Amino acid sequence: MIEQRNISRLHSWQVDASGAILIQLKLRKKIQLKRKEGKIEKIAAIDVAYEKEKAVAGVLVFSYPQLNLIEKVSTVSSVDFPYIPGLLTFREGPCIIDALCRVKEKADLLLFDGQGIAHPRRMGIATHLGIYLNISSIGCAKSKLTGDYNNLADEAGSFAPLYDGNELVGFAVRTKKDTRPVFVSPGNLIDFDQALKIVLTCCRGHRIPEPLRLAHIFANSEKQRVRENGKNQKDCFSLFRWT
DNA sequence: GCGACAG
DNA sequence: ATCTTGTCGC
């Protein structure tokens, strides 16, 4: 679903924390939150599991809205960038792109376990990779990074706007009755209503939307294999990295 | 200085 | 994210 020549290469991934922030500030100008036109028939959910310094990225492609599994891909990559709140993309981005390069099906949008624009600089992983790969994306995080909300009902399907100051950045969404909410925000090339509606229609009785829930299970089961291979486990050949 | 802090 | 046992509830 990602072709070599279509990878933007808007920037290098070999940067330190301060360099990463500069990149985020520059990419911010490229965010597009207009409504996505046309039917959405296939979505890809992404999750990453870790075994020491190895990242195992799992991508599952589903039909939408039926959510029948169409394809699954996983990759193993060494990670160097540390986890720093606000800079998650620089830790998980490279391995995720490598996994997406191996996906044959062309999904209409990417669903991420993390924020979209509900980020201090509006550059959550869904937004960043949506811009980098020029594809529609949605962020669905299990916890909040930035923003405030109130009056969220206890019923499944309820939601409350998430504001960073006076700016709407997403929604706190009750995907399951009496369960803590998830945080949904548009990534890129999609609008708030579509992001919210798509996530809600992907719920199947669990707190985590089914595509992401299954991607999480898949990434972890693949990680188990990496565990057993131990030091013999090699990285997948990178299909896009440079510099 | 204090509190917050995606995975 | 990961380290970890049992346990309460649908």
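A note on names: the letters A, B, ... follow the listed sequences, proteins ahead of strands, and every chain is numbered from 1. Just so it is clear, the model here is predicted, and its values are computed rather than measured.
In this structure A:K176 satisfies the side chain to side chain contact (heavy atoms under 4.5 Å, CB included) test together with A:T179, sequence neighbours excluded. With sequence neighbours excluded, the residues satisfying ring pair (Phe, Tyr, Trp, His ring centres under 6.0 Å) with A:F81 are A:F90. Among residues two or more places apart in sequence or in another chain, the side chain to side chain contact (heavy atoms under 4.5 Å, CB included) test is passed with A:D154 by A:R174, A:D178. Partners of A:A156 under the side chain to side chain contact (heavy atoms under 4.5 Å, CB included) rule, at least two apart in sequence or in another chain, do not exist in this structure.
Salt-bridge annotation for A:D164 and A:R122: present, with a side-chain N of the basic residue lying under 4.0 Å from a carboxylate O of the acidic one. We find that A:R35 and A:D193 are not joined by a salt bridge, their nearest charged nitrogen and carboxylate oxygen being 4.0 Å or further apart.
A side chain to side chain donor-acceptor pair (under 3.5 Å) with A:H128 is found for one member of A:Q24, A:H11, A:R28 and no other, namely A:H11.
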Taking Watson-Crick and G-U wobble pairs with both distances under 3.5 Å, convert DNA chain B into its dot-bracket string, 5' to 3', dots for unpaired and | for cross-strand pairs. .......
Return one dot-bracket line describing DNA chain C 5' to 3' (Watson-Crick or G-U wobble pairs, both distances under 3.5 Å; ( ) same strand, [ ] crossing, | another strand, . none). ..........
Summarise how protein sits on nucleotides 2-7 of chain B as a single string, 5' to 3': B when a protein heavy atom is under 4.0 Å from the base, S for sugar-phosphate-only contact, - for no contact. ---BBB
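Applying the side-chain hydrogen bond (donor to acceptor under 3.5 Å, both in side chains) definition to pairs two or more places apart or across chains, those involving residues 71-89 of chain A are A:K54-A:S78, A:S74-A:E222, A:S78-A:D235. Among residues at least two apart or in separate chains, there is no ring pair (Phe, Tyr, Trp, His ring centres under 6.0 Å) pair with a member in residues 15-67 of chain A. Among residues at least two apart or in separate chains, ring pair (Phe, Tyr, Trp, His ring centres under 6.0 Å) pairs with a member in residues 175-218 of chain A are A:Y149-A:F183.
Under a cut-off of 6.0 angstrom, the local environment of CZ in A:R225 is sparse, with at most 12 non-hydrogen atoms contributed by other residues, nucleotides or ligands. With a 6.0 Å radius and a threshold of 12 heavy atoms from other residues, nucleotides or ligands, A:K30 has its NZ atom at or below the threshold. Around the CZ atom of A:R241, the shell of radius 6.0 Å holds more than 12 heavy atoms that belong to other residues, nucleotides or ligands.
Atom CE of residue A:M123 and atom CG of residue A:L25 lie 9.5 Å apart, to the nearest 0.5 angstrom. To the nearest 0.5 Å, the span separating CG on A:D16 from CD1 on A:I21 amounts to 9.0 Å.
Only A:H216, A:N220, A:K223, A:R227, listed by number, bring a heavy atom of residues 196-228 of chain A to less than 4.0 angstrom from any atom of DNA chain C.
Protein chain A contacts DNA chain C from C:dA1 to C:dC3, reading 5' to 3' and using non-hydrogen atoms of the protein with a distance under 4.0 Å.
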